[in-house]
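Heads up, the thing below is written out as C-alpha cells.
Counting starts at 1 for both ligands and their atoms, in listed order. Owing to the predicted nature of the structure, the values given are computational and were not obtained by experimental measurement. Throughout, residue positions are numbered sequentially from 1 according to the sequence presented.
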Amino acid sequence: MIYKLSRIVVKFGGSSIRNSFEDALELVQKFWEKKSEVVVVLSALKGVTDLLLELAERKSPELLEEFTNIHLATAEKFGVNIDIEEELKELRFVLKNERAFPSKKAYTDHVFSFGERLSVKLFSSTLNERGIESAPIDAFYLVETNGNFGNAEVNLEKTKNNLWMLEELLKAGKVPVVTGFLGKFNSLRTTLGRGGSDYTASVLGRLLNARAVLIMSDVKGIYTANPRIVKNVRIIPFISYDEALIASKLGLKALHERAIEPVKNRVPLIFGRTNKWRLGTLVSNFTLKIPLITYKIIGEKAKIGVIGASCSVPYPVVEQKEEYTCFMVGKAELEDVLNEVHEVIFGESSSSSNNSELWAGI
Ligand code: ASP
Ligand code: MG
C-alpha cells in the first residue's frame with residue numbers, strides 16, 4: 001500500500017482536454033508526485049457531445065467518421081495507441097436499434113456516453129504512457145441515478161456502495177480517470193444534464209471525502225460576469241456555497257446547478273484554468289461578498305440576475321429575493337445591458353488585470 005497525504009478530485013472540461021491536454025496531464029502528474037490521491041473526472045472532448053446529439057438524430061456515416069477521427073487524431077497527437085473498435089461497434093449497434101430503447105431520451109443518453117468513454121480512455125492511456133498507473137472508469141458502474149433520462153439526479157446512497165472500486169485503485173497508487181456526465185438507471189445509461197461532469201466531480205468529492213474538488217476549464221474561475229461578453233470583469237477569489245448555488249441556478253455557465261448540493265459545507269470547490277494552471281476561485285463558507293451578474297437565455301428574451309447587490313434598472317423585474325434580483329431584457333440587448341449593469345455596480349475601479357491568484361494548500 002502506498003501512503004498518500006491527501007485526496008483530491010480534479011475535473012477537466014471539454015475544451016481543457018481538447019486544447020490543453022498536455023497541461024492537464026502535467027497537473028495530474030504534479031499532484032500524484034506530491035503524494036496526493038487523485039481521481040480525475042473528464043468531460044467529452046469539446047464539441048463531441050453536440051456531435052453525438054446530431055449523430056443520434058441523423059445517424060449519418062459522415063458524422064460517425066468525424067467522431068472517430070477526432071479521437072484517433074487526438075491519440076496520435078499525444079503519441080498513444082487506443083483501441084476504440086469495441087466502442088464503435090456498440091455505437092453502431094445502438095444507432096441501429098433506437099426502437100429497442102424505452103424512450104428517445106434513453107437512446108440519446110446511450111449515444112452521449114461514447115464521448116466521455118473515449119476521452120477517459122485517451123487520457124488514462126496517456127497517463128500510463130508517462131509512467132503513472134491509471135485506469136479508465138465508466139461511471140455507468142459507479143454513479144446510480146433516478147430514471148430522469150437527459151437530466152438525471154444521482155442517488156448518493158447507492159453510488160456510495162459502488163465506490164470500493166475507486167478505493168481499491170487509489171490504495172494501489174493508481175489514478176482512476178472517471179467519465180463525467182454519465183450514470184445508470186435499471187441497467188440503462190443516463191446522463192446528468194449538459195455540463196453534468198461538474199456534478200459527477202462533486203458527488204465523488206463528497207462520497208470519497210476528498211480534501212477538495214478542482215473544476216478546471218478554460219477560464220480561471222468565477223468572474224463578476226461572463227468574461228467572454230462583459231468588459232472589465234473581475235475574478236471572485238472567495239465565494240460561499242450559497243452564493244455559488246444561487247449563481248448556478250440563475251445561469252452561471254461555469255458550474256452545473258446541482259454541483260453545489262453534494263459538497264455544501266463539506267468539501268471546498270476550487271475553480272481554475274487548465275492552461276498553465278491558474279486557480280482563481282474558492283467556493284467554501286468564506287465569502288468576500290463580491291456581487292455577480294448572471295444570465296439565462298429564454299427564447300427571444302434573457303433573464304439577468306444580479307446577486308449580492310441592489311441596482312435599480314429600467315427593465316421589468318421578474319424575481320426579487322433578499323440575495324438577488326432578476327429582470328428581463330430582449331436577447332438582442334443582452335450584451336449592452338450586462339456591460340451597463342456591470343459598470344454601474346463596479347464603477348471605474350474595475351480592472352481586467354486583476355492579479356489575485358489563489359493557490360490553496362492542497
Ligand atoms: N460532455 C457533456 C456536455 O457537453 C458534459 C460536460 O461537459 O460536463 O454537456
Ligand atoms: Mg461546464
Side-chain angles (χ1 to χ4, degrees), residues 9-21 24 39-57 67 70-71 74 87 91 105 108-123 136-140 142-143 145 148-154 177-183 189-205 213-223 226-228 244-245 247-260 262-263 269-275 280-281 283 294-296:
V9 174
V10 191
K11 176 252 167 174
F12 294 103
S15 57
S16 288
I17 36 168
R18 198 149 178 189
N19 305 324
S20 311
F21 195 82
V39 175
V40 177
V41 174
L42 291 189
S43 297
L45 297 178
K46 187 183 161 78
V48 165
T49 304
D50 289 330
L51 183 78
L52 288 169
L53 184 61
E54 220 184 315
L55 178 64
E57 200 58 49
F67 171 77
I70 289 171
H71 294 92
T74 313
E87 286 85 355
L91 174 53
K105 280 191 174 160
T108 309
D109 276 357
H110 198 130
V111 176
F112 272 153
S113 74
F114 293 95
E116 271 72 11
R117 287 159 71 187
L118 290 196
S119 75
V120 298
K121 214 164 181 178
L122 202 60
F123 199 85
I137 306 285
D138 185 344
F140 177 72
L142 296 179
V143 176
T145 70
N148 189 11
F149 293 95
N151 197 19
E153 203 166 311
V154 177
V177 181
V178 184
T179 57
F181 185 47
L182 312 183
R189 288 185 174 273
T190 54
T191 63
L192 312 181
R194 296 304 302 268
S197 303
D198 299 342
Y199 184 23
T200 309
S202 114
V203 163
L204 294 181
V213 173
L214 268 70
I215 308 275
M216 305 298 289
S217 70
D218 54 0
V219 292
K220 214 169 77 175
I222 299 178
Y223 287 84
N226 185 339
R228 293 186 187 89
L245 180 63
S248 65
K249 294 213 155 129
L250 296 180
L252 178 76
K253 298 278 169 306
L255 184 63
H256 185 276
E257 68 174 71
R258 283 201 300 276
I260 290 290
V263 287
L269 277 186
I270 300 170
F271 283 80
R273 189 182 70 206
T274 308
N275 190 348
T281 300
V283 184
T294 58
Y295 67 89
K296 243 185 194 173

Contact residues of ligand 1 (heavy atom under 4.0 Å), by chain and number: Ser43, Ala44, Thr49, Glu116, Phe181, Arg194, Gly195, Gly196, Ser197

Listed partners of Phe21 passing ring pair (Phe, Tyr, Trp, His ring centres under 6.0 Å), at least two apart: Phe78, Phe123

Within the 6.0 Å centroid threshold, strictly below: Phe67 and Phe114: no

With Tyr199 via ring pair (Phe, Tyr, Trp, His ring centres under 6.0 Å) - residues at least two apart: His256

Residues Arg189, Asp109; criterion salt bridge (charged side-chain N to carboxylate O under 4.0 Å, His left out); working and verdict: CA-CA 6 Å; Arg189 288 185 174 273; Asp109 276 357; over 6 Å; no

Pairing residues for Ser43 by the side-chain contact (heavy atoms from CB on, under 4.5 Å) criterion, not counting sequence neighbours: Lys11, Glu116, Ser197

CZ on Phe149 to OG1 on Thr191, rounded to 0.5 Å: 9.5 Å

